[in-house]
Amino acid sequence: MTAATNRLRPASDAGLATLVLRILVAGALSTVAFDFFGQSVSPGLGFANLAPVPLANQVIQTLFGAPYSPGAQFLHYFAGMIAYPAGWFLFVEPLRRAVAPGVPWLAAAVLYGVVLWIFALYVMAHLIAGNPAFLGFTGITWVALVGHVLFAVVTAIVDRARIGA
């Protein structure tokens with residue numbers, strides 16, 4: 001195996017079960033941080049309150065013609081617990097190590113958080129759910145940016161700490 005190929009492998013070589021556990025731990029901690037910030041800290045400081053589940057319900061209503069709250073909860077937690085952290089562990093961090101090892105992990109995490117924010121507020125909220133792009137660049141837009149960056153940074157910290165490994 002070449003050095004470049006080895007750098008593209010997931011951060012943990014301890015096996016699939018360990019990798020899945022680390023993704024789930026990162027997802028749980030990152031989702032709690034995101035939800036706590038967006039639904040407690042931000043409104044407590046007088047800023048917007050994030051509402052990811054109602055947004056997920058808009059997506060479901062657009063795709064299937066009717067809202068479905070259990071599905072919206074599932075979509076929010078699936079994205080937070082599995083999809084978003086898996087993106088970090090399986091793509092972003094291995095790619096950073098292989099292509100740009102000089103880029104600090106924290107900078108990569110912040111950039112990943114911005115990408116998650118663009119995906120959530122442009123792709124999901126605008127292109128699929130039909131809301132204004134980036135929710136009209138109102139207060140919720142910027143709280144969502146901070147929340148998604150926080151999410152990605154917590155995920156990267158769990159990766160760096162090898163929590164679950």
- Message: Applying side chain to side chain contact (heavy atoms under 4.5 Å, CB included), can you list everything that pairs with Ala51, at least two apart in sequence or on another chain?
- Response: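 Residues passing side chain to side chain contact (heavy atoms under 4.5 Å, CB included) with Ala51: Pro54.
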
Considering all heavy atoms, the nearest [X]-[Y] contact:
| X | Y | answer |
| --- | --- | --- |
| His126 | Pro132 | ND1-C, 3.6 Å |
| Asp35 | Pro52 | OD1-CG, 4.0 Å |
| Leu135 | Thr141 | O-OG1, 4.0 Å |
| Ala109 | Ala156 | CB-CB, 3.7 Å |
| Ala108 | Val103 | N-CG1, 4.2 Å |

- With Trp117, which of Tyr122, Phe134, Phe151 fulfils ring pair (Phe, Tyr, Trp, His ring centres under 6.0 Å)?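 Between Trp117 and the candidates, ring pair (Phe, Tyr, Trp, His ring centres under 6.0 Å) is satisfied uniquely by Phe134.
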
In the single-linkage hydrophobic clustering (I, L, V, M, F, W, Y; side-chain heavy atoms under 4.5 Å), do [X] and [Y] co-cluster?
| X | Y | answer |
| --- | --- | --- |
| Leu24 | Val32 | no |
| Val92 | Val123 | yes |
| Ile60 | Phe119 | yes |
| Ile118 | Trp88 | yes |
| Val115 | Trp105 | no |

Between [atom1] of [X] and [atom2] of [Y], what distance do you get to the nearest 0.5 Å?
| X | Y | atom1 | atom2 | result |
| --- | --- | --- | --- | --- |
| Glu93 | Arg96 | CD | CZ | 4.0 Å |
| Leu127 | Thr62 | CG | OG1 | 11.5 Å |
| Leu111 | Leu106 | CG | CG | 11.5 Å |
| Arg162 | Thr18 | CZ | OG1 | 11.5 Å |
| Leu50 | Leu55 | CG | CG | 10.0 Å |
| Leu116 | Leu145 | CG | CG | 10.5 Å |

Flag, side chain of [X] to backbone of [Y], donor-acceptor distance under 3.5 Å:
| X | Y | value |
| --- | --- | --- |
| Tyr112 | Tyr84 | yes |
| Ser42 | Val143 | no |
| Asn57 | Pro67 | no |

- Task: Using the test ring pair (Phe, Tyr, Trp, His ring centres under 6.0 Å), find all partners of Tyr68 that sit at least two apart in sequence or belong to another chain.
- Result: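 Partners of Tyr68 by the ring pair (Phe, Tyr, Trp, His ring centres under 6.0 Å) criterion come out as none, since no residue qualifies.
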
- Query: Should the pair Phe137 and Trp142 be assigned to parallel (<30°), tilted (30 to 60°) or perpendicular (>60°) ring geometry?
  - Reply: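 The rings of Phe137 and Trp142 sit tilted, inter-plane angle from 30° to 60°.
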
- Item | Working for ring-ring contact (aromatic ring centres under 6.0 Å, His included), residues Phe34 and His148 | CA-CA 7 Å; Phe34 176 87; His148 284 91; 4.9 Å; yes

